[in-house]
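Written below as structure tokens is the structure these notes are about.
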Amino acid sequence: MIDDIARLLKGKEEFTGNKCRIILFDKNEIMSRLEDIEVECGPVRYYDTTDVKEYWELVGISPYFLKSQAYQYQREYRIAKRLEENKKGEVVSLNVTNIGKPITLSKLANYILVCNVDLFQVSKLVKWVTEKK
């Protein structure tokens, strides 16, 4: 996982030309700040772009949260705001001062990283296991 984070940082830095920092946030604190504004948030669902059946299984999931499995190493969690029909953009201010802690990649490697496995992944695994028998 640390290698994936390093790859993500390198890609973002090459794309933007800016140095990227890792900031750890308290999940409860950031979620309470998000409640004050009308946003959708959740993990990105990565799918096989060559598998039409898998794509159709994703019907009903907001396109803001779908991405090709080629980017799965990014392990994104997105915050998105739906715009009104005629709006081209909107600035949303999220006061996150004093709730994040900067950390280096080498120090991050000392933490135990806990990842949630969502039900979609579990159902695909169960389906795969039952089809293989």
Side-chain angles (χ1 to χ4, degrees):
M1 182 178 286
I2 295 297
D3 292 339
D4 288 343
I5 295 170
R7 180 178 169 198
L8 175 64
L9 287 175
K10 182 180 178 189
K12 293 293 182 187
E13 289 174 353
E14 288 174 357
F15 181 74
T16 64
N18 297 313
K19 181 81 175 140
C20 293
R21 298 184 335 164
I22 302 170
I23 310 281
L24 293 180
F25 289 99
D26 177 280
K27 179 183 174 185
N28 295 328
E29 184 67 33
I30 195 94
M31 295 312 270
S32 73
R33 306 267 176 117
L34 291 174
E35 288 174 0
D36 297 337
I37 54 179
E38 293 178 20
V39 295
E40 293 178 54
C41 48
V44 169
R45 309 281 177 127
Y46 300 94
Y47 65 94
D48 181 353
T49 56
T50 64
D51 184 348
V52 175
K53 183 179 177 191
E54 180 180 0
Y55 180 77
W56 283 108
E57 289 174 0
L58 300 171
V59 169
I61 297 173
S62 173
Y64 303 126
F65 300 97
L66 298 176
K67 201 168 184 180
S68 165
Q69 71 181 11
Y71 301 99
Q72 193 166 3
Y73 70 94
Q74 295 178 347
R75 294 181 174 97
E76 285 183 69
Y77 187 89
R78 288 192 177 174
I79 301 168
K81 182 170 175 79
R82 290 188 186 270
L83 297 176
E84 294 175 19
E85 191 172 318
N86 296 323
K87 283 194 174 182
K88 294 186 189 238
E90 181 177 344
V91 175
V92 176
S93 181
L94 178 62
N95 183 8
V96 292
T97 5
N98 300 324
I99 65 168
K101 175 184 176 184
I103 189 167
T104 63
L105 191 58
S106 59
K107 289 196 186 235
L108 184 63
N110 295 327
Y111 283 74
I112 297 174
L113 299 176
V114 178
C115 300
N116 292 330
V117 176
D118 63 50
L119 292 177
F120 177 74
Q121 290 172 330
V122 170
S123 68
K124 281 187 71 176
L125 178 60
V126 169
K127 183 178 177 183
W128 181 81
V129 169
T130 54
E131 287 177 355
K132 285 289 186 182
K133 288 184 178 180

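Only this structure's heavy atoms are used, side chains among them; waters, hydrogens and symmetry mates stay out. Along the sequence shown, residues carry numbers from 1. It should be emphasised that the depicted structure is a prediction, and the values quoted were computed from it without experimental measurement.
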Interatomic spacing from CZ in Arg78 to OG in Ser62 - rounded to 0.5 Å: 9.5 Å
Worked verdict on Arg45 versus Lys67 for side-chain contact (heavy atoms from CB on, under 4.5 Å): CA-CA 6 Å; Arg45 309 281 177 127; Lys67 201 168 184 180; over 6 Å; no
More than 12 heavy atoms from other groups under 6.0 Å of OH on Tyr77: yes
Heavy-atom pair of closest approach, residues Tyr46 and Glu54: O-OE2, 4.0 Å
Contacts of Ala80 that satisfy side-chain contact (heavy atoms from CB on, under 4.5 Å) - sequence neighbours left out: Tyr64, Phe65
Trace of the side-chain contact (heavy atoms from CB on, under 4.5 Å) decision for Ile5 with Ile22: CA-CA 9 Å; Ile5 295 170; Ile22 302 170; 4.2 Å; yes
Under the side-chain contact (heavy atoms from CB on, under 4.5 Å) test, residues paired with Ser106 that sit two or more places apart: Thr104
Counterpart residues, side-chain hydrogen bond (donor to acceptor under 3.5 Å, both in side chains), relative to Gln69 (two or more places apart): none
Sequence neighbours excluded - side-chain hydrogen bond (donor to acceptor under 3.5 Å, both in side chains) pairs with any residue from residues 2-17: Asp4-Arg75
Set of side-chain contact (heavy atoms from CB on, under 4.5 Å) partners for Tyr55, sequence neighbours left out: Tyr47
Residue list, side-chain contact (heavy atoms from CB on, under 4.5 Å) with Pro102, at least two apart or on another chain: Arg21, Ile23
Separation of Leu9 CG from Leu105 CG (nearest 0.5 Å): 6.0 Å
